[in-house]
A.B. asks: 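Got a structure for you, questions after.
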Amino acid sequence: MEHKHKQKMIDLVELQLGKDFNSNIIEEVVQHMEECPDCKIYVDSVQQTIKLYRTTEKEQSIPVEVSDRLFKVLNLQHKDDA
Amino acid sequence: MKPIKSQSINETEIVEKAQAGDKSAIAYLVNTYSSRIYSLALRIMRHEEDAEDVLQETFILMIRKISTFSGKSSFYTWLYRVATNVALGKLREKKYSDKTISIDEPDFQSFKGYQLSEWPDHLEEKLDDEAFQNCLTMAMEELSDNYRAVFVLRDLENISTRETSAILNLTEANVKVRLMRARLFLRDQLANHLKCVGLPDGA
């Protein structure tokens, strides 16, 4: 269980810092976070922030009228007209 | 103009045809990428009309400059680069940046000391709340353009660090630093705005 928790922390740190950091540095950060609840709370809230934006800022399909105007501006034949 | 059928498409061939001026190949590329470019533009510009301007300008530039595409990167990386540059250029033109807080400023308030309170779990359940949505929108709009572009490409578009660095003409290290700063900025701004929906402010 503890190993699972630690791996989760490592994944979290790697997500934040990138995977190409020296593994000793990542270990050190993970160690610090385990001993420092404030840091863990902070990192968790950053993760929540990213998750919230991923949920709200979903990819939006191009509206039909926007697509139509684009093809007109470019003087191209729309696939639906072909 | 004979339309290109979508099965067994080799994009390299399509791009080569488009470079030679083949209108059906150009139409295929526009059709393939217009939705993604519109979504990207909307995320960076935050306004539908501006996003449409970016969309149109991007594909006008694509047609004009596709002959310069050398194939060193993937086509969509090249196109994303065009679109991102158009978007950031338009933001500069319109001086939208004046409305944002530069996170280059050394006295940037977001990075002052952290006295933390834990955020509640399942904040996403609050997403139907209009006030909470406004908090998210305000925080994003307060992020300066260049940092928003990194956040959008890396965290929302899921573009790799390497591709983001190519798109924005930054080093990979710079992309990582900007992404980290953007995430922290959004987190701290959001923490401040969360007061408006009665959640712990976290900072």
Side-chain angles (χ1 to χ4, degrees), chain A residues 8-9 11-23 25-26 29-30 32-82, chain B residues 1-4 6 23-24 26-28 30-31 34-40 42-43 48 51-52 55-56 59-60 62-63 114-121 123-124 126-127 132-133 136-137 139-140 151-152 155-158 161 172-173 176 179-180 183-184 186-191 202-203:
Chain A
K8 199 180 167 196
M9 296 283 275
D11 291 346
L12 202 64
V13 172
E14 282 184 344
L15 192 69
Q16 292 288 324
L17 298 178
K19 291 188 178 181
D20 51 354
F21 276 76
N22 183 307
S23 59
I25 294 175
I26 290 178
V29 174
V30 169
H32 173 77
M33 278 175 51
E34 287 192 323
E35 293 161 1
C36 177
D38 279 358
C39 274
K40 181 161 182 335
I41 287 170
Y42 191 82
V43 171
D44 283 348
S45 63
V46 174
Q47 288 302 116
Q48 273 182 292
T49 302
I50 298 166
K51 194 174 166 189
L52 284 169
Y53 279 106
R54 282 186 177 151
T55 307
T56 53
E57 302 253 339
K58 287 196 186 306
E59 188 168 330
Q60 296 213 19
S61 294
I62 186 170
V64 175
E65 63 276 14
V66 174
S67 181
D68 288 346
R69 284 195 290 270
L70 175 65
F71 275 80
K72 198 173 175 187
V73 164
L74 300 175
N75 196 23
L76 292 171
Q77 191 175 0
H78 204 289
K79 62 169 183 172
D80 298 333
D81 303 331
Chain B
M1 179 169 72
K2 198 176 169 188
I4 292 170
S6 55
K23 278 201 155 193
S24 61
I26 292 169
Y28 176 84
V30 174
N31 197 47
S34 55
S35 210
R36 288 170 73 180
I37 295 298
Y38 179 74
S39 186
L40 171 72
L42 200 53
R43 283 168 166 169
E48 288 174 2
E52 186 172 353
L55 176 77
Q56 292 185 359
F59 283 105
I60 288 169
M62 182 198 85
I63 293 168
Y114 307 120
Q115 282 197 330
L116 298 162
S117 52
E118 205 158 355
W119 284 12
D121 289 335
L123 260 180
E124 62 273 17
K126 282 242 165 216
L127 288 173
F132 185 55
Q133 277 283 356
L136 287 164
T137 303
M140 184 63 103
F151 182 79
V152 166
D155 277 343
L156 303 183
E157 299 281 335
N158 285 319
T161 302
E172 289 188 35
K176 286 179 184 176
L179 178 62
M180 178 65 87
R183 286 169 171 173
L184 297 184
L186 287 172
R187 183 261 168 222
D188 288 355
Q189 292 302 104
L190 194 53

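Just so you know, these numbers come straight off a predicted model, no measurement behind them. In the text below, chain A, chain B and the rest are named by the order of the sequence lines, each starting its count at 1.
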A.B. asks: Heavy-atom distance under 4.5 Å to chain B: side chain of A/Val66, backbone, both or neither?
C.D. replies: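 Backbone plus side chain of A/Val66, per the 4.5 Å heavy-atom cut-off to chain B.
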A.B. asks: Start with the C-alpha gap between B/Met62 and B/Val30, add the side-chain angles, then the distance that decides, and say whether side chain to side chain contact (heavy atoms under 4.5 Å, CB included) holds.
C.D. replies: CA-CA 9 Å; B/Met62 182 198 85; B/Val30 174; 4.1 Å; yes
A.B. asks: Looking at B/Phe151 and A/Ile50, what are the two nearest heavy atoms and their distance?
C.D. replies: CE1-CG1, 4.5 Å
A.B. asks: Chain A heavy atoms under 4.5 Å from B/Leu136: which part of the residue, side chain, backbone, both or neither?
C.D. replies: both
A.B. asks: To the nearest 0.5 Å, what is the distance between CD1 (A/Ile62) and OG (B/Ser34)?
C.D. replies: 4.0 Å
A.B. asks: Taking side chain as everything from C-beta outward and backbone as N, CA, C, O, which of these in B/Ala51 sits under 4.5 Å from a heavy atom of chain A? Side chain, backbone, both or neither.
C.D. replies: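 It is neither, since no heavy atom gets under 4.5 Å.
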A.B. asks: Highest number of heavy-atom pairs under 4.5 Å with chain A: which of B/Ile63, B/Thr161, B/Leu55, B/Ile60?
C.D. replies: B/Leu55
A.B. asks: What pair of heavy atoms forms the shortest contact from A/Tyr53 to B/Ala139, and how long is it?
C.D. replies: OH-CB, 3.3 Å
A.B. asks: Could you tell me whether a side-chain N or O of A/Thr55 sits under 3.5 Å from a main-chain N or O of A/Lys51, the two making a donor and an acceptor?
C.D. replies: yes
A.B. asks: By a 4.5 Å heavy-atom criterion (distance strictly below it), what part of B/Leu42 contacts chain A: side chain, backbone, both, or neither?
C.D. replies: side chain
